[in-house]
Amino acid sequence: MSRLANANRLVVKIGSALLVDSEGNPARPWLAGFADDVAALRQAGKQVVIVSSGAIALGRRMLGLQRAATLAQKQAAAAAGQARLMSAYEEAFSTHSIPVAQALLTPDDTERRRRWLNARATLETLLELGAVPIVNENDTVATSEIRYGDNDRLAARAAQMISADALILLSDIDGLYGRDPRKDPSARFIAEVAQITPEIEAMAGNPGALGSGGMRTKIEAAKIATRAGCAVAITKGSEQNPLQRLASGARATWFLPIASPRAAYKAWIAGSLAPQGALVVDDGAATAVRAGKSLLAAGVIEVRGNFEKGDCIRVVSSTGVEVARGLARYDAVDAARIKGLKGAVIFETLGYDAGPALVHADDLAQV
Ligand code: GLU
């Protein structure tokens with residue numbers, strides 16, 4: 001209960017089974033209750049991002065496809081169904097006057113840093129503006145097979161991207177059990193997982209063991225999110241008002257985060273990315289960066305390497321000491337053109353302006 005109450009920024013993942021009724025239409029009564037839940041969380045000062053499946057299941061019916069068997073048919077179904085999915089969300093949230101916004105991501109957006117930074121900025125802006133972003137995979141342009149369960153992983157990546165502190169996976173089961181409770185009613189319920197060990201993974205069973213996506217992909221998602229500092233809950237979504245139920249103590253398995261989202265993000269920058277270049281900075285900028293401030297273009301003396309926007313780069317003092325690592329907001333060519341310049345003249349120099357920082361404080365990690 002307190003975990004949900006303590007979270008400021010939540011990602012909630014909803015599967016097709018919850019959203020689409022047996023006739024292949026949006027499950028409007030459920031969605032209305034869910035919108036009430038999200039509105040209540042926002043009233044309590046929380047930001048909510050939804051990761052929603054359902055496009056293919058809705059589109060199938062619209063296009064008269066019995067089963068969307070080929071990849072092209074699934075992509076066609078998604079193209080039709082995504083619009084219907086969004087209009088169902090729009091309708092449900094309009095009673096609360098909450099704007100919803102569609103954000104279609106490809107796994108590539110969440111893995112390639114340049115597009116990742118842009119997608120993150122968009123989601124941040126939507127949250128600032130009071131909208132509820134509704135994320136799905138961009139199925140119509142997906143190049144590989146669309147697998148049910150991929151949205152579990154997408155939700156974890158989205159949680160990582162926006163440094164969410166809780167990810168709620170609404171499932172067809174109320175959490176993780178030592179064995180499949182449908183086969184063994186005496187199966188032990190696991191209320192809390194501090195670490196995802198091989199034993200925990202073994203409990204998830206085979207892919208597709210439980211409903212769409214199965215428990216396996218949920219554990220995979222939990223691994224990604226907990227490493228990014230985000231707590232993860234698996235709880236039953238099919239009842240009316242599932243988030244309200246969770247808040248008042250409904251059964252759930254909680255996976256504990258390994259670090260805070262911010263610390264995990266900085267550790268990822270400092271430790272997991274290969275630097276593609278370096279910015280040599282003056283003493284004033286080195287001091288500012290050491291104090292946790294952004295690296296402004298004005299403090300940069302030299303640009304080394306051939307990095308792209310979003311790549312990891314070293315920040316080096318004029319005496320050659322590495323001060324920090326961070327993600328570049330400009331590529332190497334543009335960085336070289338604006339080095340030493342004040343923020344106010346960046347637009348007239350480049351014809352666009354991505355802010356005065358070459359590396360923003362949020363994306364800088366001390367080394
Ligand atoms: N993106 C797919 C859809 O909207 C679903 C993928 C999943 O459920 O994991 O239909």
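All ligand and atom numbering here is 1-based and tracks the order in the structure.
Using a 4.0 Å cut-off to heavy atoms of D139, the atoms of ligand 1 that qualify are 1 (N), 2 (C), 3 (C), 4 (O). Applying the 4.0 Å criterion to heavy atoms of D150 picks out, from ligand 1, the atoms 9 (O). Atoms of ligand 1 found under 4.0 Å from any heavy atom of N136 (numbered from 1 in listed order, with element): 1 (N), 3 (C), 4 (O).
Note on residues 37-51: pairs passing side chain to side chain donor-acceptor pair (under 3.5 Å), not counting sequence neighbours, are R9-Q47, D37-N241.
Heavy atoms of G54 come nearer than 4.0 angstrom to ligand 1 in at least one pair.
Counting heavy atoms from C-beta outward, L358 and L279 have side chains that approach closer than 4.5 Å. Taking 4.5 Å as the limit, some side-chain heavy atom of L123 sits within range of a side-chain heavy atom of P133. In this structure, the side chains of M161 and W116 come closer than 4.5 Å at one or more pairs of heavy atoms.
We find the CD1-CD distance between I50 and Q102 to be 13.0 Å, quoted to the nearest 0.5 Å.
Ring geometry for F189 versus Y177: interplanar angle over 60°, hence perpendicular rather than tilted (30 to 60°).
Between A57 and ligand 1, no N or O atom pair is found at a separation short of 3.5 Å. Where the criterion is an N or O separation shorter than 3.5 Å, residue side chain and backbone included, E137 fails it with respect to ligand 1. Considering both main-chain and side-chain atoms, K13 never comes within under 3.5 Å of ligand 1 through any nitrogen or oxygen pair.
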